[in-house]
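Everything on this sheet refers to the single structure shown next.
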Amino acid sequence: MSEPKLEWGRGEMPGELAERWPREEDGSYVPAAYLTTCTQLDLGDAILTGVLDSCGIPFFKRFPHYGGFGNLMLGMSAEGVDIYVPETMLDEAKNILEGESEDEEL
């Protein structure tokens, strides 16, 4: 299965996310990169997105298949939720996901 094309033009990204999402030198948005899929049953998505937000990493959620409908009707998706971050911040987000920090000394 191929990854969805995740590109935006000016004015297509919603509200605060558009303000926080990094841009290229030409003013276009940095492409999004897949970080992980979380379940909503254990609030894994809320915990991860809370940590990303506190670290200043913008993100968005995408519900696979009919997960958005389940999220709308039931308040959660049985299929989970995919988390995307700017590709320029992907390594930092992966380190956070793995519990590592760039500030930690070896």
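The distance from atom OG1 of Thr88 to atom CD of Glu24, rounded to the nearest 0.5 Å, is 7.5 Å. The CZ atom of Phe59 lies 6.5 Å from the CG atom of Leu52; values are rounded to the nearest 0.5 Å.
The two atoms that bring Tyr29 and Ala18 nearest to each other are OH-CB, 3.5 Å, heavy atoms only. Asp53 and Arg20 get closest at one heavy-atom pair: OD1-NH1, 3.0 Å.
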Pair Lys61-Ile83, side-chain contact (heavy atoms from CB on, under 4.5 Å): steps then yes or no: CA-CA 5 Å; Lys61 299 178 182 182; Ile83 309 292; 3.8 Å; yes
Does the pair Leu35 and Leu90 meet the rule for a side-chain contact (heavy atoms from CB on, under 4.5 Å), with working shown? CA-CA 7 Å; Leu35 177 61; Leu90 182 60; 4.0 Å; yes
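Between Tyr84 and Phe60, the ring-plane angle classifies as parallel under the 30° and 60° cut-offs.
Annotation: side chain of Val85 is not in contact with side chain of Pro58 (no heavy-atom distance under 4.5 Å).
Tested against Cys38 for a side-chain contact (heavy atoms from CB on, under 4.5 Å), the candidates Asp82, Leu97, Leu48 yield a single pass: Leu48.
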